[in-house]
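Structure first, commentary second.
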2 protein chains.
Amino acid sequence: MLTFERHQAILARLNEVKVVKLSELVDVTGASESTIRRDLTDLEQQNKIKRVHGGASLVTRRKDEPSLLEKSTKYAEEKQRIAKEAARLVRDGDTIYIDAGSTTQAMIPFLRDKDIIVVTNGLNIITDLVDANLKTYVLGGYVKTGTRAFVGAGALQSIQSYQFDIAFLGTNGVDEEVGFSTPDPEEALIKQHAIHRSTQTYVLADHTKLGDVTFSKVADLHEAALITSEKANHDMIEQLEKQTTVKVVAGS
Amino acid sequence: MLTFERHQAILARLNEVKVVKLSELVDVTGASESTIRRDLTDLEQQNKIKRVHGGASLVTRRKDEPSLLEKSTKYAEEKQRIAKEAARLVRDGDTIYIDAGSTTQAMIPFLRDKDIIVVTNGLNIITDLVDANLKTYVLGGYVKTGTRAFVGAGALQSIQSYQFDIAFLGTNGVDEEVGFSTPDPEEALIKQHAIHRSTQTYVLADHTKLGDVTFSKVADLHEAALITSEKANHDMIEQLEKQTTVKVVAGS
DNA sequence: TTCAAAATCAATCATTTTCATTCAAAAACA
DNA sequence: TGTTTTTGAATGAAAATGATTGATTTTGAA
């Protein structure tokens, strides 16, 4: 058996089993223990496998987890909990829209490996989606400096091609009277279209957003359900519940 | 047994087994070991097989796209020089298309702060463009795992909206007969449209691509100009010049 | 926990296989 | 005929392999 063939056999077997004992590999390939050891060393140097005592496992091509510091600042605990709750709503077979934004981005780890199609307009979101092994589609358009969301005529045209089971949106303001709002009119426009092309819409907002109003109105409260956290003012939540469904996730 | 026949026999056998022991080949063809070795050397030079210790395997024209990391580190210097030459062609006020790919990506630092509009279908390219302070537009579409290019119906629809002064494309193969080619038909389709929507087209290719043929044809040689480097075989360049404009950038 | 047996490991060496190079014989060619 | 190309055998170098050694790690029983 050729070196190349053996390497293939080893990798194939690892693909099935994730971790295999050395003795099994010896059986499968019919090579001596020494040879297998050398093979494993080779493959490890090629960064294809990770050796463990007695065997080996395939290295997952995922990007390294962001550092803890990054995580804690980027996705505060509250966002994590809200994102997790949102992700629970997604079922295999769904086609969903994930809006640009850090809270919606926090959903992605909870969606890993699901059999879903995801559409997004957020540059930072794309990489995470692909790394999470999800079928990923992107709106085209102009890349906004700052949030790096795709907006404008291109994005508008793109979104018309899709229908979503659920849209998950971020927001900068949730107000009883004004409804959902965001600073940039261009982004607001995309969000509006996402709502209209989707069977259900959930807006993810941590407690700091409640009561705020920003420049561009996205939608009335009744047009989307809201997911927020216990940290929010309870009177505020009661008020909002008159106009929309509110999911409140447990505090820390 | 004729040389040609032997070559065919070898290739046929490789087709079946992917990798064969040299001794087996000797049995099959009835030629001496030396002859087989010479045959294998020939076939490898013709780029038809890849030799490994103890045998050989057929080169596949389909998958086998090197990872992004590999791409970006390999022949970095040469790509830099080619990219710089390409960037020199861009004038203020231009609208250009920059194809997904590591060589085209290398152009971006040389375009910094220019007053141009850039359209791309490469995920990794977007961030660089925005960071280089360029007005950036993105095609939508499906995100290919691997190269992370945007392809498919969405990308196709998006690209129809634009007209370019210059399109800069990468490629995996440049061949006198076949022309420009790339492994993925979906990407090839986008490239074709880019060419047709653009006043001028330049294909950027380091010397390793010349003479190669991959699965999907993108265009004939005369449909685009070529930028490559002095490392390329000079006879090859002469041949190519019969069908297209070739810019050759200085060696290291 | 501690200890000893078992398993696994890296390192080394002798053997086998494969390789490129060389050279002379055979074949093809003109 | 003489010349060129192809072939096969021989050589030593290089690479791959399998067995052995003793060190290290894991396991399981006390």
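Here the structure is a predicted model, which is why all the values come from computation and not from measurement. These numbers come from the heavy atoms of this one structure, side chains and all, not from hydrogens, waters or symmetry mates. Convention: sequence-line order gives letters A, B, ...; per-chain numbering from 1.
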Note to self: The side chain of A:Arg51 is closest to which nucleotide in this list: C:dA20, D:dA10, C:dC9?
What the structure shows: C:dC9
Next item on the list: Remember a base hit wins even if backbone is also touched, and classify A:Val52 as base, sugar-phosphate or nothing at under 4.0 Å, heavy atoms.
Entry: sugar-phosphate
Margin query: Under 4.0 Å between a side-chain nitrogen and a carboxylate oxygen: does that hold for B:Asp131 and B:Arg112?
Written below: no
Next item on the list: Figure out the CZ/P separation between A:Arg6 and D:dT17, and round it to whole Å.
Entry: 4 Å
Notebook entry, point to check: So, A:Ser229 versus A:Glu78: side-chain donor-acceptor pair below 3.5 Å or not?
Noted result: yes
Check: Which whole-number value in Å describes the distance from A:Glu33 CD to D:dT20 P?
Finding: 12 Å
Margin query: Whether A:Arg37 contacts C:dA11 is assessed here as follows: a side-chain N or O lying under 4.0 Å from the phosphate OP1 or OP2. Is that the case?
Written below: no
Note to self: Given D:dA10, D:dA19, C:dA20, identify the nucleotide with an atom nearest to the side chain of A:Ser32.
What the structure shows: D:dA19
Check: Applying the side chain to side chain contact (heavy atoms under 4.5 Å, CB included) test to A:Ile82, which of A:Thr104, A:Val248, A:Asp206 qualifies?
Finding: A:Asp206
Next item on the list: Assign each of B:Thr41 and A:Lys21 to its nearest nucleotide of DNA chain C by heavy atoms, then name whichever residue's nucleotide is nearer the 5' end.
Entry: A:Lys21
Checklist line | Distance in angstrom units between B:Ile36 CD1 and C:dC19 C1', rounded | finding: 15 Å
Margin query: We want to know whether A:Ser57 and A:Arg51 form a side-chain donor-acceptor pair, criterion being a heavy-atom distance below 3.5 angstrom.
Written below: no
Margin query: Can you identify which nucleotide, out of C:dC19, D:dG8, D:dG18, has its nearest atom closest to the A:Thr35 side chain?
Written below: D:dG18
Note to self: Does the structure show a Watson-Crick or G-U wobble partner for D:dA30, both distances under 3.5 Å? Name it, or say none.
What the structure shows: C:dT1
Checklist line | Out of C:dC19, D:dT17, D:dG8, whichever nucleotide has its closest atom nearest the side chain of A:Arg38 | finding: D:dT17
Check: Quick one: which of D:dA9, C:dT8, C:dT18 gets closest to the side chain of B:His53?
Finding: C:dT18
Next item on the list: Would you mind reading off the distance between A:His7 atom NE2 and D:dA16 atom P, rounded to a whole angstrom?
Entry: 9 Å
Next item on the list: Please state how far atom CG in B:Asp39 lies from atom C1' in C:dT18, giving the value in whole angstrom units.
Entry: 17 Å
Next item on the list: Any chance you could measure B:Thr120, atom OG1, to B:Ile125, atom CD1, to the nearest 0.5 Å?
Entry: 4.0 Å
